[in-house]
Amino acid sequence: VNTDFRGHHPLSFMFVFSPLAVVSCNSVEKKIYVNLNYTVSCVRLLNATHQIGCQSSLSGNVGVLHVLESEENLDWVLHSGPNPPYMVILESPLFTRSIMMKLKNGSSRVAGVAVVAPNTNPAAGFSPHTKCPNENTGVYSVKYDPAMAHCNKTLWNPLGNGLSYEEFDFPIFSLKDDNETQVIRQCYLDHNRAMNGSSLQYPLCAMQLYSHMSAVTDTATCMRRNDINFSINPEIVCDALGDYNVWASTRPLNNTAKGHKMWESVVIAAARLDSRSFFFDIAPGAESGVSGFVTLLAAAHALRNATQEAQPNRTILYTFFQGETFDYIGSSRMVYDMENKQFALDLDNVHSVLEIGQVGLRADSRLWLHSDPVSRRNNSVNEEGLIAKLHSAATGLSVSVQEPSFSQPLPPSSFQRFLRARPIPGIVIEDHQSAFTNRFYESMYDNAEYLNVSYPPNLSPEEQLEFVTDTAKVTQMLYSFLVQSNNSWFQQLIPSDLKSHLTNRPPNYYVGVAQQSSEPTLLVQHLLANLTGRTVNITQENCQNQREDENDKESKHMYSYMWVQGVAPPNGTEREGYCIRSTVRLSKALSPAFDLRQYTSDDYSTWTESRWKSIKGRIFLVASHELEVHDDFYGLTFGLIRVRKHWSGTRGPCQWKGCLYFF
């Protein structure tokens with residue numbers, strides 16, 4: 001029985017001691033508790049210096065429900081309410097830094113917080129990220145240019161309130177605004193809301209939230225605990241954040257031979273795959289990530305025929321970086337691998353970088369070409385050619401391109417990690433001139449609605465997929481990445497063993513831990529292969545063995561082969577699978593700090609995620625303390641009587657010395 005709630009236990013929950021009494025705990029529990037079906041929490045993350053996020057006690061936190069109606073109503077929770085600690089229910093407009101920090105500072109009376117996510121986006125902007133994203137791991141350090149360090153020139157995310165980077169010693173969950181949440185509100189109204197100044201009457205409605213985190217302090221501490229091996233199955237308490245980068249080249253590159261490629265010059269065309277929000281399992285990333293990588297996918301598809309029929313002077317390396325939200329995990333790893341001959345190319349092969357950032361909220365159909373003023377000022381690179389070509393390419397299109405002021409630094413971007421290594425020409429394309437246009441940067445509201453991805457009413461999911469408002473491929477990609485990935489188009493493009501990764505919701509773009517490829521990585525990998533590769537007429541066995549035929553030993557070095565499900569026939573279920581040959585590859589998106597065991601590194605990301613046993617929540621009624629003592633006494637008495645009767649009935653009169661009678 002949980003004792004965190006100041007001695008209160010679930011109503012009428014008593015133990016009975018008796019070898020003859022077999023009690024079905026599950027059936028009793030179902031009668032006492034209402035379990036919450038939708039539980040998404042804030043989790044604990046750690047880096048080189050500290051921990052952030054949320055957690056509950058080992059047995060879960062319990063508190064009396066209180067629906068906060070205004071910031072002024074906080075006094076009940078923090079001071080005057082007679083039944084602390086409280087489990088605070090917040091409507092989304094009250095999920096602000098001001099309120100959350102007051103709850104944090106009064107945490108002895110706060111058991112936890114549940115935020116009701118609205119069904120439509122709020123009118124006001126909201127960003128729980130920092131005002132200066134990745135400020136310590138980009139190129140603009142005090143050494144590189146003190147005037148531009150720490151966003152001194154441009155505050156990129158002025159709406160950032162930093163909540164995602166605070167530590168809370170109580171659980172914080174997100175709830176959908178649905179029937180289940182209405183049950184919670186009604187429970188509060190029926191039992192916990194004082195009317196006309198009257199005192200509250202028991203029973204009271206309470207909530208219990210479980211989200212205990214195993215790791216504490218910082219990454220060095222949790223990795224050291226991981227290394228302690230006193231058993232066959234040592235307990236792992238944290239995992240490094242990471243995934244895989246996805247890349248493909250317009251000219252096949254020998255991926256087995258690592259390092260410099262003679263006579264090879266590449267332009268890296270890049271975008272980021274990941275995003276985040278305050279809650280780990282809700283990261284829609286529509287503007288912050290999806291707008292950029294969908295644009296790059298569309299460009300790769302548009303250039304497929306042209307680049308295969310007549311190879312350009314320079315190879316284009318389409319690159320999709322993972323983990324960029326957390327101190328540029330993916331791009332820093334690629335740069336590290338290039339420097340250490342662990343990638344198919346090295347930095348000497350890189351001619352320039354063209355990165356597509358946030359491009360979904362174009363004002364007056366304008367895009368901005370950002371470049372590094374320090375490089376331009378030092379004449380260490382020449383970006384004029386790149387800029388001129390982009391201006392020329394935009395001629396006659398519905399989009400115009402402009403450049404910000406000469407002194408404007410680069411926005412947060414993967415390109416900054418290449419500049420940290422050496423001067424390289426590069427442009428970052430964004431929809432903002434200075435501060436982000438994105439009012440919901442790295443929040444749960446950066447979603448399809450925010451990009452105005454909507455459909456006429458009464459359309460089926462398949463009709464929505466085929467509803468064309470732009471080019472067909474772009475429309476299908478936006479639907480698949482922002483509405484639901486489980487659709488007939490994506491089903492064609494993946495192997496049968498990846499069907500479970502398709503869901504009737506948008507993908508979660510949080511990078512996750514470096515144990516396996518995430519859903520976005522797998523989807524982009526297979527979609528990029530389809531958009532840039534070719535169908536080859538070979539058997540499934542040869543395809544899966546990375547060869548054209550049984551005698552082929554060389555193709556696997558230059559190409560990758562994927563056997564995908566193909567189209568389902570109209571009147572059947574047997575799909576017509578086929579093989580796609582492409583140059584698409586995966587490479588590690590794991591911070592070099594973990595290979596080097598430099599868990600306090602200033603140069604690389606050190607972010608880890610704590611492990612946990614379970615994340616769940618439930619509500620129930622609690623009785624007064626006096627009634628619980630009364631029930632416990634009679635429950636114990638009844639139990640002892642049953643024990644005495646059992647032993648006296650089976651053994652007969654006591655016939656051994658030292659026999660103990662209970663009564």
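- Side-chain contact check for Asn486 and Gln491: at least one donor-acceptor pair (N or O, by modelled atom type) lies under 3.5 Å.
- Side-chain N/O atoms of Trp368 and Asp431 include no donor and acceptor closer than 3.5 Å.
- In the model, Ser414 has a side-chain atom that pairs as donor or acceptor with a side-chain atom of Glu324 under 3.5 Å.
- The closest side-chain donor-acceptor pair between Ser331 and Arg417, if any, does not fall under 3.5 angstrom.
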Practice item. Starting from the C-alpha separation in whole Å, work towards a yes-or-no answer on side-chain hydrogen bond (donor to acceptor under 3.5 Å, both in side chains) for Gln322 and Asn245. Key: CA-CA 5 Å; Gln322 265 285 12; Asn245 298 323; over 6 Å; no
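- Here the OG-CH2 distance, from Ser591 to Trp607, works out to 12.0 Å after rounding to the nearest 0.5 Å.
- In this structure, His301 contributes its side chain and Leu297 its backbone to no donor-acceptor pair below 3.5 Å.
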Review point. After noting the C-alpha distance and the side-chain angles of Thr120 and Glu449, does the key distance pass the side chain to side chain contact (heavy atoms under 4.5 Å, CB included) rule?
Key: CA-CA 8 Å; Thr120 58; Glu449 178 191 341; 4.0 Å; yes
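- His391 and Gln402 share no donor-acceptor pair across their side chains, judged by distance under 3.5 Å alone.
- The side-chain tip of Arg97 does not point at the ring of Phe278 from less than 6.0 angstrom away and within 45° of straight on.
- Glu180 and Asn37 form a side-chain donor-acceptor contact under 3.5 Å, judged by distance and modelled atom types alone.
- The nearest pair of heavy atoms linking Thr295 to Ile356 is CG2-CD1, 4.0 Å.
- If you check the side chains of Tyr479 and Glu466, you find no donor sitting under 3.5 Å from an acceptor.
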Exercise for review: Please step through side chain to side chain contact (heavy atoms under 4.5 Å, CB included) for the pair Leu523 and Phe481, ending with a clear verdict.
Suggested key: CA-CA 9 Å; Leu523 295 179; Phe481 287 117; 4.1 Å; yes
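- In this structure, Asp177 pairs ionically with Arg185, as a charged nitrogen and a carboxylate oxygen lie closer than 4.0 Å.
- At distances below 3.5 Å, not a single donor-acceptor pair connects side-chain atoms of Arg44 with backbone N or O atoms of Met213.
- Under 3.5 Å, the side chains of Thr395 and Ser392 contain no donor-acceptor pair of N or O atoms.
- Glu442 and Arg272 are joined by a salt bridge, as a carboxylate oxygen and a charged side-chain nitrogen come within less than 4.0 angstrom of each other.
- Checking Ser443 against Asp446 by side-chain atom types alone, no donor-acceptor pair falls below 3.5 Å.
- Side-chain polar atoms of Gln484 and Thr503 form no donor-acceptor pair below 3.5 angstrom.
- For Ser275 and Ser288, the side-chain atoms include at least one donor-acceptor pair closer than 3.5 Å.
- Residue Tyr559 comes nearest to Arg585 through the heavy atom pair O-NH2, 3.1 Å, listed as atom of the first residue, atom of the second, then distance.
- A side-chain N or O of Tyr210 and one of Gln208 form a donor-acceptor pair less than 3.5 Å apart.
- With hydrogens and angles disregarded, a donor-acceptor distance shorter than 3.5 Å links the side chain of Asp274 to the backbone of Gly323.
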Practice item. Given side chain to side chain contact (heavy atoms under 4.5 Å, CB included), test Val353 with Val267 step by step and report yes or no. Key: CA-CA 6 Å; Val353 177; Val267 176; over 6 Å; no
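- In this structure, OG on Ser517 lies 12.0 Å from CD on Glu519, to the nearest 0.5 angstrom.
- Shown here for Thr583 and Pro252, the closest heavy-atom pair between the two residues is CG2-CA, 3.9 Å.
- Phe280 and Tyr510 have perpendicular rings, their planes meeting at more than 60° on a 0 to 90° scale where under 30° would count as parallel.
- No donor-acceptor contact under 3.5 angstrom links the side chains of Tyr328 and Arg333, judged on distance only.
- Ring geometry for Phe126 against Phe95 counts as tilted: the plane angle lies between 30° and 60°, on a 0 to 90° scale.
- A distance of 7.5 Å separates CZ in Arg304 from OG1 in Thr532, rounded to the nearest 0.5 Å.
- Of all heavy-atom pairs between Val483 and Tyr455, the closest is CG2-CE1, 4.0 Å.
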Exercise for review: For the pair His432 and His370, evaluate ring-ring contact (aromatic ring centres under 6.0 Å, His included) and give the outcome as yes or no after the intermediate values.
Suggested key: CA-CA 10 Å; His432 54 88; His370 295 264; 5.5 Å; yes
